[in-house]
Number of protein chains: 2
Amino acid sequence: MSQDLPVTSYAILGLLTFGDELTGYEIKQRADITLRFYWVSPAMSQIYTELRRLADHGLVRADARADGEREVTSYAITDAGQHALRTWMAETPAGFPVLKHPVLLRLLVGHASEPARTREMLHDYLAELDRARADLGDVRAALRGADSPGEPFRFPALVADWGLDYFAAEERHTRQALASLDDSEGEATP
Amino acid sequence: MSQDLPVTSYAILGLLTFGDELTGYEIKQRADITLRFYWVSPAMSQIYTELRRLADHGLVRADARADGEREVTSYAITDAGQHALRTWMAETPAGFPVLKHPVLLRLLVGHASEPARTREMLHDYLAELDRARADLGDVRAALRGADSPGEPFRFPALVADWGLDYFAAEERHTRQALASLDDSEGEATP
DNA sequence: GAAGACATGTAATGTGTTACATGATTCG
DNA sequence: CGAATCATGTAACACATTACATGTCTTC
């Protein structure tokens, strides 16, 4: 009955379980502030493609309404969609995370690079981590007040906290790597 | 001059910087124990495709030799390959890691699942983390003896340590999430 | 002599991106 | 009134996976 959909489909479906109807555009915005950190933020075109597919399967309902001159289409999850999501969560194993970590990839072949360049890359990463942590911190702050057990943002708050801890850990690991590099190459620099 | 190649191309090129010539098959094995943790382990067919491309660009040299009845082709990085890799590392920004974390994705929409199922998923993840940590630990152990500054496996050891710390952090975060879930839902279970 | 590892590839397919295209609405 | 945002899509293409196909070599 429930054909397998790509995970991103279920991710979008999941975004529609927080109550309101959303346009493709709004879904993109939500994805940019939440999904981005744990999955991907699909391109706009991808979102519209997925919404079409979900609608074809009856998992979302497309609500077209006129907004002045233009047609705006909002999407809401259907009962079938709720059911499909639950089934997917209950019956398919989550699977192990896939990490595409360009910093670690480059560090792995660090012997093919200038030590100074490697250090620069790690410092750049620290700066980006800081920005990411600030962004996610803003999201986390916005959830306050509705993040207790039983409240709507309980689970988003849980994963936001996880994400913040993850960024903190990455920062530590980066500093450790830098320290380790300084131990050896640093002897040249007085 | 140096057209942009996909990152996976450079990853394979990087695997060839550790001295020896490798067959496609051997590259797959190396990828399975190293790249897997920080990037991806490409499918065999993908590896052969990339090797063909790298050879077309003159970045690797294909060495066909007879091994009994069959032809076996080993690949070695060329000077042009070394140069391309260095240029890539020096001139293109690494970019921020992309995390495809199905456990966090599902936890995000935890309100659409049975609490018991969510807990089960987290416990499954703990078990998988344990296995991954053991695998990476074996790799790390195999690097011992050549992992000091200046030695060939210095950088692989650095990233392996990073990876082990990352797994440890994930384990902590998982346990924290479980504890948080127990705090609320656990009240029902005496 | 069968099983499993070694070794190499083609074909079909799918997920997802970027580029392109279009137009309305809002805000300064 | 121009820029930014809102809103929706099509087309071309790239990266990567799975399925399929083939055969040798090694080990039990």
Side-chain angles (χ1 to χ4, degrees), chain A residues 3-13 15 20-33 35-36 38-57 60 62-75 88 95-96 98-100 102 105, chain B residues 3-13 15 20-33 35-36 39-57 60 62-75 95-96 98-100 102 105:
Chain A
Q3 313 82 323
D4 269 6
L5 299 173
V7 179
T8 302
S9 254
Y10 288 106
I12 290 174
L13 208 50
L15 288 182
D20 33 5
E21 289 198 359
L22 299 174
T23 66
Y25 195 87
E26 288 168 334
I27 288 174
K28 171 64 173 166
Q29 293 178 319
R30 292 253 182 128
D32 277 344
I33 61 166
L35 277 190
R36 162 159 79 102
Y38 326 111
W39 193 251
V40 280
S41 198
M44 281 292 348
S45 63
Q46 175 71 2
I47 286 176
Y48 288 116
T49 304
E50 295 295 349
L51 284 171
R52 156 87 48 124
R53 175 172 14 205
L54 287 169
D56 286 348
H57 287 249
V60 301
D63 246 7
R65 72 173 183 290
D67 173 33
E69 273 313 282
R70 63 180 160 180
E71 275 242 317
V72 173
T73 309
S74 294
Y75 295 86
W88 176 68
F96 202 72
V98 171
L99 184 58
K100 286 198 160 195
L105 175 60
Chain B
Q3 314 81 325
D4 269 7
L5 299 172
V7 179
T8 302
S9 254
Y10 288 106
I12 290 175
L13 207 50
L15 288 181
D20 32 4
E21 289 198 0
L22 298 174
T23 66
Y25 194 88
E26 288 167 333
I27 288 174
K28 170 66 172 164
Q29 293 178 318
R30 292 253 182 129
D32 277 343
I33 60 167
L35 276 190
R36 162 160 79 103
W39 193 249
V40 281
S41 197
M44 282 290 351
S45 63
Q46 176 71 2
I47 287 175
Y48 287 116
T49 304
E50 294 296 348
L51 284 171
R52 155 86 50 123
R53 174 169 19 200
L54 287 169
D56 285 349
H57 286 250
V60 300
D63 246 8
R65 69 172 184 289
D67 173 33
E69 272 315 280
R70 67 180 158 179
E71 275 241 317
V72 172
T73 309
S74 295
Y75 296 85
F96 203 71
V98 171
L99 185 58
K100 287 198 159 194
L105 174 61

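Below, chain A is the first sequence line, B the second, and so on; all start at residue 1.
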- Starting from C1' on D:dC25, measure out to CD on B:E71 and report it in whole angstrom. 16 Å
- Item | Separation of C:dG16 C1' from A:L35 CG (nearest whole Å) | 15 Å
- Task: Examine C:dG9: is either OP1 or OP2 under 4.0 Å from a nitrogen or oxygen in the side chain of B:R52? Give yes or no.
- Result: no
- Contact summary for A:S74 and A:E21, nearest pair of heavy atoms: CB-OE1, 3.2 Å
- Note on the structure: Here the distance between atom P of D:dG9 and atom NZ of A:K28, to the nearest Å, is 16 Å
- Note on the structure: A:D63 CG to D:dT8 C1', in whole Å, measures 16 Å
- Distance in angstrom units between A:R53 CZ and C:dT15 C1', rounded: 8 Å
- Could you give the CG-to-P distance, from B:D4 to C:dT18, as a whole number of Å? 14 Å
- Task: Flag the pair B:Y75 / B:T23 as yes when at least one side-chain heavy-atom distance between them is below 4.5 Å, and no otherwise.
- Result: no
Could you pull out the protein-nucleic contacts involving nucleotides 18-22 of chain D (nitrogen or oxygen on both sides, under 3.5 Å)?
| residue | atom | partner | partner atom | Å |
| --- | --- | --- | --- | --- |
| D:dT18 | O4 | B:S45 | OG | 2.9 |

- Message: According to salt bridge (Lys or Arg N to Asp or Glu O under 4.0 Å), who are the partners of B:K28, at least two apart in sequence or on a separate chain?
- Response: B:D32
- Query: Taking for each residue the nucleotide of DNA chain C with the nearest heavy atom, is it A:G68 or B:T23 whose nucleotide lies nearer the 5' end?
  - Reply: B:T23
- Query: Rounded to whole angstroms, how far apart are NZ on A:K100 and C1' on C:dG16?
  - Reply: 11 Å
- Task: Report yes if a side-chain nitrogen or oxygen of B:T8 is closer than 4.0 Å to either non-bridging phosphate oxygen (OP1 or OP2) of D:dA16; otherwise report no.
- Result: yes
- Message: Using heavy-atom distances to pick each residue's nearest nucleotide on DNA chain C, tell me which of B:S74 and A:S9 is more 5'.
- Response: B:S74
- Message: Any non-hydrogen side-chain atom of B:L13 less than 4.5 Å from a side-chain atom of B:V60?
- Response: yes
- Measure the distance from CG on A:D67 to P on C:dG23 and round it to the nearest whole Å. 18 Å
- Item | Close side-chain approach of B:V98 and A:L99, heavy atoms under 4.5 Å | no
- Query: Judged by atom type as modelled, is there a donor-acceptor pair below 3.5 Å linking the side chain of A:T49 to the main-chain atoms of A:S45?
  - Reply: yes
- Is there side-chain contact between B:P6 and B:R53, with heavy atoms separated by less than 4.5 Å? yes
Distances under 3.5 Å only, N/O to N/O: pair up the protein atoms with those of nucleotides 2-6 of chain D.
| residue | atom | partner | partner atom | Å |
| --- | --- | --- | --- | --- |
| D:dC6 | OP2 | A:Y25 | OH | 2.9 |
| D:dC6 | OP2 | A:Q29 | NE2 | 3.4 |
| D:dC6 | O2 | A:R70 | NH1 | 2.8 |

- Say you draw a straight line from CH2 of B:W39 to OG1 of B:T8; how long is it, rounded to the nearest 0.5 Å? 6.0 Å
- Any side-chain N or O of A:Y48 under 4.0 Å from OP1/OP2 of D:dG9? no
- Query: Can you find a heavy atom in the side chain of A:L35 that is under 4.5 Å from one in the side chain of B:L105?
  - Reply: yes
